[in-house]
Protein chains: 2
Amino acid sequence: MSAGVRIGQLARNAGVGIHAIRFYERRGLLRRPPRSEGGYRLFDPDDARDLKFIRKAQSLGFSLAEIRELLILERTSAPGCVHVRDLLRRKLSDVRSKIEELKALEAQLASGLRKCQRELNRSRGQPEKGCPVLKELADAKESEDSK
Amino acid sequence: MSAGVRIGQLARNAGVGIHAIRFYERRGLLRRPPRSEGGYRLFDPDDARDLKFIRKAQSLGFSLAEIRELLILERTSAPGCVHVRDLLRRKLSDVRSKIEELKALEAQLASGLRKCQRELNRSRGQPEKGCPVLKELADAKESEDSK
DNA sequence: CTTGACTCTAGAGTTAACTCTAGGGTTTAC
DNA sequence: GTAAACCCTAGAGTTAACTCTAGAGTCAAG
């Protein structure tokens, strides 16, 4: 019955900007919809579903390129589970190594913060001898930090 | 004695590109060095130290803008510890919340992966009934994931 | 004095995922 | 029939932190 909803409506429904919708179309995530006589895009409800798919997949850390692949898999109703599994594995290992990196960072920052705090306590009213954290950064310790 | 080292040498010493060095200068992280008659930059050893400072601070997750502040603090030999502490606190809380986000993600991805695996086992030779992960993404569950 | 390695500046290009603009045309409600 | 609200395209702008280019000048060795 509904002859198709226009881009603004779809954008409001899905909670994205109209520019983003056109952008997804250009990137091949959304199929290009039929047009009205005047050239307006006329979307159908499936497109709203695709938009939600996109946002959900994004929240799982997939890039638009990856989401495009997922959407294509989904549309062709091919098996695809193997491919999806591989994507999930890759993402999972990315996420895990990022967590490890961040934990190491956390430890370093926390240690710096403790030093900072100690110096601030020590130097109440006394002559400051300089921030220990800055000193540490400046001391070329030749510690080859990763990237 | 050394009248100053040129940009290529400095770059090799510090392990960064010469373009990055000029870039840091433009961004105010490195002081602009004196020039030779022909207009070549003549750096002194302190600049190598600053470059190492930059790389180390970057590895701690500071942005160039933040590093510029840190370098300025360090140069003016002002107390500064309070400011540094605040920066460290902010970074630390950023890092911690990022870790939490990633852990939530990890759980979701791992759960998807398990489902995927189960389906693959189940459907050995049997008709595939479609990837459960794709299904889940497509089902507009209205779960408002953050962003 | 010529060759090759080096350096200079200004500015464009890179990546991701949008976001916005200019300069138009279309629909619809009054 | 006209004004408000909507839509179109093509392309520029955004962010961070570089990276690279073109076209020209400089320096050291032989």
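Throughout, a chain's letter reflects where its sequence line sits, starting with A, and its residues are numbered from 1.
Atom CD1 of Ile18(A) is separated from atom C1' of dC18(C) by 13 Å (rounded to the nearest Å). Rounded to an integer number of Å, the gap from CZ of Arg41(B) to C1' of dG25(D) is 14 Å. When rounded to the nearest whole Å, the span between CZ of Arg6(A) and P of dC8(D) equals 9 Å. Taking atom CZ on Arg35(A) and atom P on dG25(C), their separation rounds to 17 Å, with Å as the unit. Here the P atom of nucleotide dG24(C) and the OH atom of Tyr40(A) are 16 Å apart, to the nearest Å. Between the CD1 atom of Ile67(A) and the C1' atom of dA16(C) there is a distance of 12 Å, given to the nearest Å. Whole-Å rounding puts the Phe23(B) CZ to dT15(D) C1' distance at 11 Å. Between the C1' atom of dA5(C) and the CD1 atom of Ile7(B) lies a distance of 15 Å, rounded to the nearest Å.
Each of Ala65(B) and Glu37(B) has a nearest nucleotide on DNA chain D; the 5'-most of these lies closest to Ala65(B). Both Ala20(A) and Glu25(B) lie near DNA chain C, and the one whose nearest nucleotide falls closer to the 5' end is Glu25(B).
Distance alone, capped at 3.5 Å, places no donor-acceptor pair between the Glu119(A) side chain and the Cys116(A) backbone. Listed for the Ser111(B) side chain is no donor-acceptor partner under 3.5 Å among the backbone atoms of Ala107(B). Proximity of a side-chain donor or acceptor of Lys91(B) to a complementary backbone N or O of Gly61(B) within less than 3.5 Å is detected.
With contacts defined as side-chain heavy-atom distances shorter than 4.5 Å, the pair Glu74(B)/Phe53(B) qualifies. Looking at heavy atoms from C-beta onward, Glu69(B) lies out of side-chain contact with Phe62(B) at the 4.5 angstrom threshold.
Using a 4.0 Å cut-off, some side-chain N or O of Ser36(B) falls inside it from OP1 or OP2 of dC27(D). An OP1 or OP2 oxygen of dC18(D) is reached within less than 4.0 angstrom by a side-chain nitrogen or oxygen of Tyr24(B). For Gln58(B), a side-chain nitrogen or oxygen approaches OP1 or OP2 of dC18(D) to under 4.0 Å.
There is no side-chain donor-acceptor pair under 3.5 Å between Gln117(A) and Asn121(A).
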Shorter than 3.5 Å, N or O on both sides, protein versus nucleotides 20-22 of chain D: list them out with atom names.
{"from": "dC20(D)", "atom 1": "N4", "to": "His19(B)", "atom 2": "ND1", "distance (Å)": "3.1"}

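Within the nucleic acid shown, Gly17(A) has no heavy atom closer than 4.0 Å to any nucleic acid atom.
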What pairs of donor and acceptor atoms, side-chain ones from residues 22-32 of chain B against any protein atom, are under 3.5 angstrom apart with sequence neighbours left out?
{"from": "Glu25(B)", "atom 1": "OE1", "to": "Arg41(B)", "atom 2": "NE", "distance (Å)": "2.7"}
{"from": "Arg31(B)", "atom 1": "NH2", "to": "Asp50(B)", "atom 2": "OD2", "distance (Å)": "3.4"}

